[in-house]
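Worksheet: the structure to be examined is printed underneath.
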Number of protein chains: 2
Amino acid sequence: MGMFNSRYECKVDAKGRLALPAKIKAAIPDSNGDQLILRFGDDGCLALYTQVEFKKLLHQINSLSDRDPIQRRIKRGFFESMTDVELDNAGRFLIPKVFLQRAGIDKDAIILGVGSFIEIWSPEKFEANSINDQDELSSLMDQYLS
Amino acid sequence: MGMFNSRYECKVDAKGRLALPAKIKAAIPDSNGDQLILRFGDDGCLALYTQVEFKKLLHQINSLSDRDPIQRRIKRGFFESMTDVELDNAGRFLIPKVFLQRAGIDKDAIILGVGSFIEIWSPEKFEANSINDQDELSSLMDQYLS
DNA sequence: CAAAAAGTGGAGAAAAGTGGGGAAAAGTGG
DNA sequence: CCACTTTTCCCCACTTTTCTCCACTTTTTG
């Protein structure tokens with residue numbers, strides 16, 4: 001269906017490589033040789049996009065003006081916190097050290113499929129940010145969904 | 001994808017040469033023998049353009065009127081602060097001393113891919129100009145992107 | 001329980017990064 | 001116009017990082 005979902009617990013090996021779970025890999029349109037975009041995302045997690053999904057984001061960024069100081073800073077911030085990565089033939093990719101540091105990931109990581117993209121969390125941050133109580137989730141959904 | 005991105009920490013050697021990171025080099029359409037344009041850019045950084053990208057900029061400059069004093073000064077300033085450079089076979093290029101001085105670059109430099117072009121910063125200026133807090137970036141993006 | 005798939009780790013090869021010698025070219029002064 | 005100095009450029013060599021490939025372990029599935 002081309003949709004990412006579920007939570008997976010993964011390990012980052014000594015070289016900084018992360019193996020995508022088979023189900024996630026299967027949901028990437030052309031997982032062979034295709035590049036993915038890794039970005040420092042919201043709330044301290046990393047976000048992984050397919051080319052197609054990323055282009056939507058990129059299009060918005062390119063609409064910013066190079067002749068406005070603040071918009072230049074936004075553009076720089078965006079490009080600074082992204083990189084493209086490629087899967088090796090075992091379905092792994094290298095997470096640059098800077099990204100691991102900023103995301104607070106050491107050995108363990110949580111991978112979360114969020115529909116059109118994938119989030120990568122340090123277990124601690126994930127725990128702190130997620131809704132643990134199902135009733136709370138239901139109540140919030142009642143509030144925000146019509 | 002022909003897009004420049006990510007931040008890299010580089011060194012300028014004793015001869016004033018800067019080696020482009022492999023990923024940046026790979027994103028230059030014809031990195032062999034092709035000339036690049038180095039310009040003193042916005043906010044105190046240096047900007048590196050491919051021929052194609054530079055032409056877009058040049059086109060704007062050429063639209064300025066030679067019959068208006070201020071526009072003449074802008075035009076002169078623009079051409080004064082640019083030069084063309086060529087990569088050696090190790091993917092390095094020489095940054096003229098004047099450019100290093102004006103940009104405040106000594107030994108260390110930050111290279112930033114900004115989509116269609118490349119910025120070169122002194123670490124100090126980069127630090128002072130960039131958005132360090134991810135939440136601040138998110139908030140500004142919310143504000144400026146539709 | 002067996003077979004297949006997924007996950008994990010590491011050695012060796014390849015590529016990238018770094019530095020410097022010395023030739024060629026440009027600039028300078030008599 | 002020639003000799004000398006300085007800068008630029010081309011090439012080679014070494015170090016470090018990255019990548020590819022292979023093999024082993026663990027988990028899933030029929």
Side-chain angles (χ1 to χ4, degrees), chain A residues 4-28 30-38 46 48 82-101 105-113 118 120-123, chain B residues 4-28 30-38 46 48 82-102 105-113 118 120-121 123:
Chain A
F4 304 112
N5 59 58
S6 297
R7 184 183 98 170
Y8 303 89
E9 302 184 5
C10 299
K11 296 212 174 280
V12 178
D13 70 21
K15 292 183 178 179
R17 292 181 299 192
L18 180 72
L20 289 179
K23 278 202 175 178
I24 293 282
K25 218 185 320 174
I28 298 174
D30 173 27
S31 56
N32 295 340
D34 204 10
Q35 280 182 337
L36 300 172
I37 311 295
L38 182 67
L46 303 178
L48 194 64
M82 69 154 282
T83 188
D84 35 42
V85 296
E86 208 165 343
L87 299 185
D88 70 9
N89 57 1
R92 295 175 292 194
F93 67 97
L94 189 76
I95 306 182
K97 289 205 185 85
V98 191
F99 285 80
L100 288 175
Q101 281 168 12
I105 297 172
D106 183 29
K107 286 187 184 297
D108 298 293
I110 304 288
I111 289 190
L112 185 70
I118 300 152
I120 304 164
W121 291 81
S122 81
Chain B
F4 303 112
N5 61 60
S6 295
R7 186 183 96 170
Y8 303 88
E9 302 187 4
C10 299
K11 297 212 173 278
V12 178
D13 70 20
K15 293 182 178 180
R17 293 179 299 190
L18 181 72
L20 290 179
K23 277 203 175 178
I24 294 282
K25 218 186 318 173
I28 299 174
D30 174 26
S31 55
N32 296 339
D34 205 10
Q35 279 183 337
L36 300 172
I37 313 295
L38 182 67
L46 302 178
L48 193 64
M82 68 155 281
T83 186
D84 37 41
V85 297
E86 208 165 343
L87 299 185
D88 70 10
N89 58 0
R92 297 176 291 195
F93 67 96
L94 190 75
I95 305 182
K97 290 210 182 83
V98 192
F99 285 81
L100 288 176
Q101 281 168 10
R102 286 180 69 184
I105 297 172
D106 183 29
K107 285 188 184 297
D108 298 293
I110 304 287
I111 290 190
L112 184 70
I118 300 151
I120 303 163
W121 291 81

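Hydrogens, waters and symmetry mates play no part in the numbers below; they use all other heavy atoms, side chains included. Reminder, nothing fancy here: chain letters follow the sequence lines and each chain counts from 1. This one's a predicted model, so the numbers in the text were calculated from it and none came from an experiment.
In this structure, the CG atom of A/D108 is 10 Å from the P atom of C/dT8, given to the nearest Å. In this entry the distance linking CG of B/L94 with P of C/dG20 reads 16 Å, nearest Å. Per the geometry, NZ belonging to A/K23 stands 16 Å off P belonging to C/dA5, to the nearest Å. Taking atom CG of residue A/L18 and atom P of nucleotide C/dG7, one finds them 10 Å apart after rounding to whole Å. Taking atom CG of residue A/D84 and atom P of nucleotide D/dC19, one finds them 11 Å apart after rounding to whole Å. Straight-line distance from the CZ atom of B/F93 to the P atom of D/dT8: 14 Å, rounded to whole Å. Rounded to an integer number of Å, the gap from B/K11 NZ to C/dG20 P is 14 Å.
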Practice task
Sugar-phosphate means primed atoms, P, OP1 and OP2; the rest is base. With that split, encode nucleotides 20-30 of chain D 5' to 3' as B, S or - using protein heavy atoms under 4.0 Å.
Solution key: BB---------
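The residue among B/E9 and A/D13 whose nearest nucleotide of DNA chain C is located toward the 5' end is A/D13.
A donor-acceptor contact shorter than 3.5 Å is absent between the side chain of B/K97 and the backbone of B/G16.
Applying the 6.0 Å contact sphere to NZ of B/K23 captures more than 12 heavy atoms from other residues, nucleotides or ligands.
Looking at A/D84, A/T83, A/L87, A/I118 one by one, the single match for side-chain contact (heavy atoms from CB on, under 4.5 Å) with A/L36 turns out to be A/L87.
Residue A/A22 is classed as a sugar-phosphate contact, given heavy-atom separations below 4.0 Å to backbone atoms only. In this structure, B/L20 reaches the sugar-phosphate backbone alone: every heavy-atom distance under 4.0 Å involves primed, P, OP1 or OP2 atoms, never a base.
For the helix from C/dC1-D/dG30 to C/dG30-D/dC1, the terminal axes (five pairs an end, C1' atoms, rotation from four pairs onto the next four) enclose an angle of 30°, given to 10 degrees.
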Exercise for the section: Take B/R17 and B/L94 through the test side-chain contact (heavy atoms from CB on, under 4.5 Å) and record every step on the way to the result. Expected result: CA-CA 4 Å; B/R17 293 179 299 190; B/L94 190 75; 3.9 Å; yes
Handout entry: Worked check of side-chain contact (heavy atoms from CB on, under 4.5 Å) between A/L20 and A/F93
Key = CA-CA 8 Å; A/L20 289 179; A/F93 67 97; 3.9 Å; yes
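Counting only heavy atoms from C-beta outward, the side chains of B/V85 and B/L48 approach each other to under 4.5 Å.
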